[in-house]
There are 2 protein chains.
Amino acid sequence: MLGLFGRFLAMDAIDKKILAELQRDGRQSITELAERVQLSLSPCHRRVRALEASGVIEGYHAVINAKKAGLGFEALLFVTISRSDSSTFATVEQQLADIPEVVQAQRLFGEPDYLVKVVTRSLEDYQRLFDERLTGIPGVERLRSTLVMRNVVSDRPLPV
Amino acid sequence: MLGLFGRFLAMDAIDKKILAELQRDGRQSITELAERVQLSLSPCHRRVRALEASGVIEGYHAVINAKKAGLGFEALLFVTISRSDSSTFATVEQQLADIPEVVQAQRLFGEPDYLVKVVTRSLEDYQRLFDERLTGIPGVERLRSTLVMRNVVSDRPLPV
DNA sequence: GCTGAAAGACGGACGTC
DNA sequence: GACGTCCGTCTTTCAGC
């Protein structure tokens, strides 16, 4: 256990630069990364592996432009449930997780109970999804849809 | 123009598999990807480059575990502004964008006007940020902070 | 969509401080 | 204990077909 904690605590300025760089470009080579963080190849490589192994780096993902991939509609959904018991929470969460168009869902403290992000091809597809699946979830008291007008700050790198 | 649109429309089942794969693991080699999508190396490579060039793939990012990177506190902020004029919007958006701890901000249709995600080291840091920078933004009528209790669905791949 | 060849990246081992 | 250099192997990338 101490070893694991040691790893996290041992994160120095170079590790932070590595994290910032890999958040900016997750597919750059170790060679390129090493130059940018002013380190030679093999220690840079070791640090990246250590950050991956310790779980600080959870993974690498391609970011897709939803519109260009044919998914032109994005909505946020505020969900309020009727009763705060554990089976209601469990049902709602399971049902949400089973919908592929639900790309993000968070349970919140306070009102609303959930914040859900939904992506579909079009408004029509969203309406269908809303009527056929979302309104049917048992235990939901209120659903409020909100459209995103503009991304002011979109998924900025964490300030490590 | 037709050429560009042609590219997007020409996205077939293999392209969708490629997008799904690269969303799952953005750092896998072209060799590995080619095997997974049942394609030989060079056409697979060409498709990935085309998807990048057309902007369907916007980039690749490392995903960092905020807690393990020392950023243990995450809050959502609902922002309502006092007057819907363009200079108020512009000011609020500029001020939000200037705060590194603001990792996501979206302007919405309806209430609230903005949904903002903030990440800090601790509750104390958040309080300081809230008092010293967030409450000071001119044109803001109401700020409501909500804590995330649990990520039910976290940044799932788009259903391409 | 395949093949081949050059350039480059990966991922060890080993020596230095 | 962490950095740096070297080197064999694999991957990428760009031809031509």
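Numbered from 1 within each chain, the chains take letters A, B, ... in sequence-line order.
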Calculate the interatomic distance between [X] atom [atom1] and [N] atom [atom2]; express it in whole Å.
X      : N       : atom1 : atom2 : answer
R47(A) : dG1(D)  : CZ    : P     : 15 Å
R36(A) : dA9(C)  : CZ    : P     : 12 Å
Q28(A) : dG8(C)  : CD    : P     : 17 Å
E32(B) : dT12(D) : CD    : C1'   : 14 Å

Scan nucleotides 13-16 of chain D against the protein and return all N/O pairs shorter than 3.5 Å with their distances rounded to 0.1 Å.
| unit_1 | atom_1 | unit_2 | atom_2 | d |
| --- | --- | --- | --- | --- |
| dT13(D) | OP2 | H45(B) | NE2 | 2.8 |
| dT13(D) | OP2 | R49(B) | NH2 | 2.3 |

Handout entry: Contacts of Y60(A) that satisfy ring pair (Phe, Tyr, Trp, His ring centres under 6.0 Å) - sequence neighbours left out
Key =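 If we apply the ring pair (Phe, Tyr, Trp, His ring centres under 6.0 Å) test to Y60(A), skipping adjacent residues, there are no hits.
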Practice task
Please determine, for the side chain of S29(B), which listed nucleotide (dG1(C), dT12(D), dC3(D)) has the closest atom?
Solution key: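 For the S29(B) side chain, the nearest candidate turns out to be dT12(D).
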Handout entry: Along DNA chain C (nearest heavy atom to each residue), the more 5'-positioned of R27(B) and I14(B)
Key =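 Whichever sits nearer the 5' end wins; that is I14(B).
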Practice task
Carefully, step by step, assess Q28(A) and R36(A) under the rule side-chain hydrogen bond (donor to acceptor under 3.5 Å, both in side chains).
Solution key: CA-CA 11 Å; Q28(A) 64 187 297; R36(A) 281 193 215 273; 3.1 Å; yes
[X] bridged to [Y] by N-O distance under 4.0 Å:
X       : Y       : answer
R128(B) : E124(B) : no
R83(A)  : E141(A) : no
K117(B) : D155(A) : no
R150(A) : E93(B)  : yes

Handout entry: Phosphate OP1/OP2 of dT12(D): any T31(B) side-chain N/O under 4.0 Å
Key =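 Yes, because at least one side-chain N or O of T31(B) sits under 4.0 Å from OP1 or OP2 of dT12(D).
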